[in-house]
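Start at 1 and go down the list; that is how both ligands and their atoms are numbered. Atom set for the values below is all heavy atoms of this structure, side chains included, hydrogens, waters and symmetry mates excluded.
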Amino acid sequence: MNRMLLPVLAVVSLIGTDAAFAADTPHNVILFVPDGLRALSVTPETAPTMAAIRDQGVNFKNSHSIFPTFTMTNASALATGHSPGDTGVFSNKIYTGYKVAPAADSMAPDLENDAVLGDIDAHMGGNLLDETAVVEAARQAGLSTALVGKLGPTLVFDHMDRSGNGTIVIDDATGTAKGIPLSAEITTAMTAAQLPLTAPSRGVNSDLGDMKTPGTQFANVIQQNYFADVASKVVLPLLKSRNKPFVMVFWSRDPDGTQHNQGDSLGKLEPGINGPTSKLAIKNADDDLARLRATLDQLGLAATTDIVVAADHGFSTVSKQSKTSPAARGHYADTPQGLLPPGFLALDLASALGLPLYDVNDKYARVLAEHHPIAGSALIGDDVANPDLVVATNGNSDLIYLPRHDKQIAARAVAALLKQDYVSGIFVDGRLGKIPGTLPLSAIGLDGKAVTPMPAIVVNFASISTGCAEPVMCSASIADAPQQQGQGYHGGLNRAETMNFIAAIGPDFKAGFVDPAPVSNADVGRTLAQLLGLSITPKGNLIGRVMTEALPGGAVPPSTSGTLVSAPAANGLATTLAFQRVGATRYLDAAGFPGRTVGLPAARVTASR
Ligand SMILES: [Zn+2]
């Protein structure tokens, strides 16, 4: 009996220590996501609140977005700590393998939609991520939880409880039939604060313009003021009144939404996303964060609340120039003559393979001459019910699926891609065999245990620096998107788009610390779970690390850098990947064909280790 009691006594003696106490009662955590904010956009002039957090707290200067550098992929990484090979969120638009009713039966739906997320969850066994999200785990552990901001990524942090009675969810869809309902408690509090129960639209900020008309010159102020009002006047006071630890995510659509749509640079690569409208958007996001910090001060919560600021991805100005693309020589009603139309990748593949294409966003109608798929995505093949390829069009990288896993089609598609000047880097499912010129998807964290269909080929588009002191601040990238040349996009594996803003401040972080180690949004996700004292059992292995060096007493881990180079294709092109590594965790800096990607050394370098 005594032998059985001993271990129990040992455990009891530990409970009285500070370590056990800290683990039992975590500090509050706010994750603030300034969507699409490039790390070097932040200065004391452009974004004083974020600059102060970075300079007084922890500056993660070697930051990394997860590739593909899109919002939903990175929301999933922030929420679970996993790469897309595990979460299955391979981009903003993924091939689902079935017709998604809330997306007008598209098989390549936009995931930035609460109803679409719910539909795919239901079709994928209940949880499309197949991992536990951090806010979901916090709610289950008894913490108070709230999600406020941009439609889609906000909900990802606790997407399976759609009742509105657990986590507070306020996004673009709030107050509509497609949104998550408001609980009686939050409805009463919002009514008392005289705030509408329906979120405002983006209004003039959503104006994309067209080939003759510049897009918006307004930041997303009206909509985000509403979210900041709800967070500061209702949500934070309510969380305080519950008198237990909380986690709140605030996802600021700016600067992303405005950088996409800005009308500062129609048809021109400069100033592109460095014009006055994009600067208004950065300030708008910063103003929202300033309001949250002021509210924490007023409520007496500042000393007990950690603030982590992590942008999902960086950004580039849109280029639509190609000397090789057959699609760029066509005539389209919405595209200036000689430039790439939206959907050029699907058009060029269909042309190279001699196959018809069908629009997944137009009831699978055949795409006729002088037309492009409405949003770019298409099925390619003679039989629309059994296509050879599916292109999920996204932006500065696209996904190609081969529903029949046909190796010959894969080799022919890669051969066609290698002829195009807009391609810089091709990654292929290893099960399709080694194709010269390409690296396997496993090299970039896309080959895991995902429950959604895995892409067969990921195409990274070319980027250039238009000439400035920091090349990542004046990148122009080919974008397969409705945007005009001179507007903004992201999604590529170049340093302008992988170098997102990350900083943190609060009782659990070092002060005035510059972290030289590589970190990623998957690391941020794992660190959030650690801060909240949550023990989440991972299913997949493509997982980030806790950024212990940023926490008191933590040491900077050793890191290495290197390059991975594919076998050359017949025309000499070789996909090259520049990466860093901490232990088994790989950080993707840039990839492509040397000379065609910002941040990739122009000459080939051998791996340092
Ligand atoms: Zn975006």
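- The Zn ion (ligand 1) lies closest to atom NE2 when only the N/O/S atoms of His260 are considered.
- The Zn ion (ligand 1) sits nearest to atom OD2 when only the N, O or S atoms of Asp256 are considered.
- The pair Asp121-Arg162 does not meet the salt-bridge criterion, since no charged nitrogen lies less than 4.0 angstrom from a carboxylate oxygen.
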* What do the steps show when you test Tyr401 against Phe90 for ring pair (Phe, Tyr, Trp, His ring centres under 6.0 Å), and what is the final call? -> CA-CA 11 Å; Tyr401 295 79; Phe90 294 101; 7.3 Å; no

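- Among the backbone and side-chain atoms of His490, an N/O/S atom is found under 2.8 Å from the Zn ion (ligand 1).
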* Leu441 vs Val458, side chain to side chain contact (heavy atoms under 4.5 Å, CB included): CA-CA, chis, key distance, verdict -> CA-CA 8 Å; Leu441 290 176; Val458 176; 3.5 Å; yes

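- Between Asp287 and Arg291 there is no salt bridge, since no side-chain nitrogen of the basic residue lies less than 4.0 Å from a carboxylate oxygen of the acidic one.
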